[in-house]
Structure formats: structure tokens, C-alpha cells
A.B. asks: 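I'd like to ask some things about the structure below.
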Protein chains: 2
Amino acid sequence: MRKVFLFMDTICNKVDGKGRVSLPSDYRAIVKDLSSEIVCYRSLSLPCIEGCLEETLDKLAADIENSTDFFSEAQDNLTNLVFGDAKRFPFDSTGRIMLSEKLLKHAGITNEAVFVGKGRKFQIWNPENWAKEEARIRAEALKNRPSLKPKENE
Amino acid sequence: MRKVFLFMDTICNKVDGKGRVSLPSDYRAIVKDLSSEIVCYRSLSLPCIEGCLEETLDKLAADIENSTDFFSEAQDNLTNLVFGDAKRFPFDSTGRIMLSEKLLKHAGITNEAVFVGKGRKFQIWNPENWAKEEARIRAEALKNRPSLKPKENE
DNA sequence: ACAATAGCTATGGTATATCATGGGATTTTA
DNA sequence: TAAAATCCCATGATATACCATAGCTATTGT
């Protein structure tokens, strides 16, 4: 049986002078049975950081391994990019991680970081950029709404 | 094996100054075998809060995972909207949850909250808004009634 | 059939634990 | 040995857990 774990909610935390950020406690709770670290990498398409459990990347690797179709080759390349970029970030007893310059710069994060749950993954944004992105997504979703609610009448 | 559970009935409870509300005991009974928390998020289309079991959202996460690839943009937008907004709300031994400002504001809830069962999900409304919405739905249903019943059972 | 009672629910109030955050001390690395 | 990273403790704010009460429902007994 698979344990249910989902990264959820949107939380804004401070980044202090040393580059430290508190990982939201809900996020830690998900991880803490397995380990005390998460994996982060630069998003391929957006100016934000992506994070997940090492387990999730492991599953991605396994999927690529077992897939033989043509499209997997393209995905294989993307996967390489992710694995080349990804790094473990352990958090201390107070629940903080220290993000690297590279990641912070990619996301344009300085004083504050917004954690956005995405289910199996999460993202870390600069607050202003996230506000814009959220508005964009909501507008987009409103246009295509019917496709968003396949389970409504289950 | 799948356990039968349905959120049903319509119940109005008080919301105190801190934003605490008693989750209807019937709802709690459904959850308590699995955990002691529910998940709530803003409805995408209506001025109300939606609630369900984490399990239900987990199924959605799994569906998204299986129907789109890891790097899909569609997946990005959808997961951001749903999981970025959702949050776990644990209830204590007296059965209360504490709703966030964001949710209460979206639904226009101040003193009282109406819980409306919807099967696998439920909604939480401002009483006046719910009265209007219910009237609207009833009228709508009446218009379409003939198509709701199979002819042979007339 | 009616009254007493026991159990549960909703709700108000309060104490406790937890979280995010700041700062200092210690260790590591370049 | 200077700079950076890690660890540890302190603190204020906030959420959580717990206790108490009042009202309702169903049950029991006479």
C-alpha cells in the first residue's frame, strides 16, 4: 500500500542574510519518515526552483529506463538536464535549508521565497513573479475549465 | 476493497472569532477511519470552499501523473492551481477545524458556515449565498427534468 | 406515555506546543 | 586564517490540544 503524500498550499517564508529558508512544516512532515532532505533543481521552463523527494526522481529514472518508445528519447534529454542540475538539500533541526546561489538567481529570489505545492512536487518562487504566474494560470484555467473537472460527477 | 463513504446532508454551524468551525459529525465519521483531517480549497468556479479527503486529491495526482509526462506544461498549470490552493485541515478531539482567512474571504463567510454534502466532496458556503445557489440549482434541475429520467420507468 | 438519564454535539475559553525567525557559537573548507 | 557553512539556543507569534458547559436526542425505566 502506498502512503499518501502531497505537497500542498502556498507559503511565503523569509530568506535571511545567510540564504537560509524554513521549509514549510507540512513539507517536512512528508519527508521526515524517509529522510531529512529534499531535492531541488532549476525549472526547465519557468523562472522558479522545483523540489521533490529523491524517490520521485528515482521513479522518473525508472520510467525512462523501462520506456522504449520514440518520445522517451526527448524526455531522456530533459531528464539528463534535471539530474545534472538537481542537488540534495538537507534541513537542520529547525527545518531550514540553504539554497544555492545558482538556484536563487534563477528564480530571482532575494528576501522572500514562496513555496507552492504541486502534489508530488513543489515550486519555489520570487513573490512578485509568483503573483503574476498565478494570475496567468487562473486566467488560462478559466478558459479551459471543463477539462479541469473530469471527476466532478463520479 | 473500497469502503463506501458519501458526504451528505446540509448543516449550518457557527464560526467563532478565531475562524473555528465544527465539522459535522457525520463528516468526521467518514474520515476518522483513515485520518483526522480533511483537505479544503477555493472552488474554481463558485464563491465557496470545497472539501474532500486527501485520498481523493491523491487519486487526482496519480491520474495526472499517468496521463501526462513529467515535464508537461498542462500538468504544471493544473497542479499549481489545485495543489497550490489546497491545504490540510486537521480537526481536534472536539471536531473543529480552523479555516484560513483566504478561504473564508473567498466564500464570504463570517459568523456561520453551511456544509453541503456532494458525495465524494462537500462544499462550505455563506448561508445567504447558499440559499441563492440552491434556488438556482433547483430551478435549473426543473427545466432539465425530463431528460433526467429514463422513459421506460415513467 | 411520560419523565429521568445518559451520551453526544456544538461551542466558548484557556493552556500548551509548534513554527518561523534572529543571533551567536562552533566547525569546516578554501 | 578568513570566509562560509552548520549547529544550537532564544523568542514572539500562532496554531493546536485540552477542559468545561449547554443543549439536543435517544434510551431506559416505571
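Small disclaimer: the values here were computed from a predicted structure and weren't measured. Proteins get letters first, then strands, A, B, ... in listed order; numbering begins at 1 in each. The basis for the numbers below is simple: all heavy atoms, side chains too, and nothing from hydrogens, waters or symmetry mates.
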A.B. asks: Please work out if B:Asp92 contacts a base, only the sugar-phosphate, or nothing of the nucleic acid, heavy-atom cut-off 4.0 Å.
C.D. replies: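 Touches a base.
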A.B. asks: Contact class for A:Ser22 vs. all strands (heavy atom < 4.0 Å): base, sugar-phosphate, or nothing?
C.D. replies: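 Contact class for A:Ser22: base.
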A.B. asks: Which whole-number value in Å describes the distance from A:Glu112 CD to C:dA20 C1'?
C.D. replies: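 Spelled out: CD on A:Glu112 to C1' on C:dA20 is 13 Å.
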A.B. asks: Whole angstrom is fine here: how far is it from CD in B:Glu101 over to C1' in D:dT14?
C.D. replies: 14 Å
A.B. asks: Does a side-chain N-to-carboxylate-O contact under 4.0 Å join A:Lys14 and A:Glu112?
C.D. replies: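 Between A:Glu112 and A:Lys14 there is no salt bridge, as every charged N stays at least 4.0 Å from the carboxylate O atoms.
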A.B. asks: Looking at B:Lys18 and C:dT14, is any side-chain donor or acceptor paired with a base atom of the opposite kind under 3.5 Å?
C.D. replies: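 Under the 3.5 Å cut-off, the side chain and the base do form a donor-acceptor pair.
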A.B. asks: What integer distance in Å separates B:Arg96:CZ from C:dG12:P?
C.D. replies: 8 Å
A.B. asks: Under 4.0 angstrom, heavy atoms only, what part of the nucleic acid is A:Thr94 near: base, sugar-phosphate, or nothing?
C.D. replies: base
A.B. asks: Taking 4.0 angstrom as the limit, do B:Asp58 and A:Arg120 come out as a salt bridge?
C.D. replies: yes
A.B. asks: Looking at A:Glu54 and A:Arg88, is there a salt bridge between them, counting it only when a charged N and a carboxylate O are closer than 4.0 Å?
C.D. replies: yes
A.B. asks: Quickly work out the A:Asp9 CG to C:dA20 P distance and round it to whole Å.
C.D. replies: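 Distance check: A:Asp9 CG to C:dA20 P gives 11 Å.
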A.B. asks: Provide, to the nearest angstrom, the distance between the CZ atom belonging to A:Phe91 and the P atom belonging to C:dT21.
C.D. replies: 16 Å
A.B. asks: Atom CG of A:Asp16 to atom C1' of C:dC19: distance rounded to whole Å?
C.D. replies: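 To the nearest whole Å, that distance equals 15 Å.
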A.B. asks: Can you check the B:Ile97 CD1 to C:dT9 C1' distance for me, whole Å?
C.D. replies: 16 Å
A.B. asks: Rounded to whole Å, please give me the gap between CE in A:Met98 and C1' in D:dC7.
C.D. replies: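 That distance rounds to 13 Å.
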A.B. asks: Looking at A:Lys102 and A:Asp85, is there a salt bridge between them, counting it only when a charged N and a carboxylate O are closer than 4.0 Å?
C.D. replies: yes
A.B. asks: Between A:Glu134 and A:Arg138, is the closest basic N to carboxylate O distance under 4.0 Å?
C.D. replies: yes
A.B. asks: Between B:Cys12 and A:Asn13, which has a closest nucleotide on DNA chain C that is more 5'?
C.D. replies: B:Cys12
A.B. asks: I want to confirm an ordering. Mapping B:Arg20 and A:Ile11 to their closest nucleotides on DNA chain C, which one lands closer to the 5' end?
C.D. replies: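 Mapping each residue to its closest nucleotide by heavy atoms, the 5'-most match is B:Arg20.
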A.B. asks: Could you tell me whether the phosphate oxygens of C:dA10, OP1 or OP2, come under 4.0 Å of any side-chain nitrogen or oxygen in B:Arg28?
C.D. replies: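 Result: yes.
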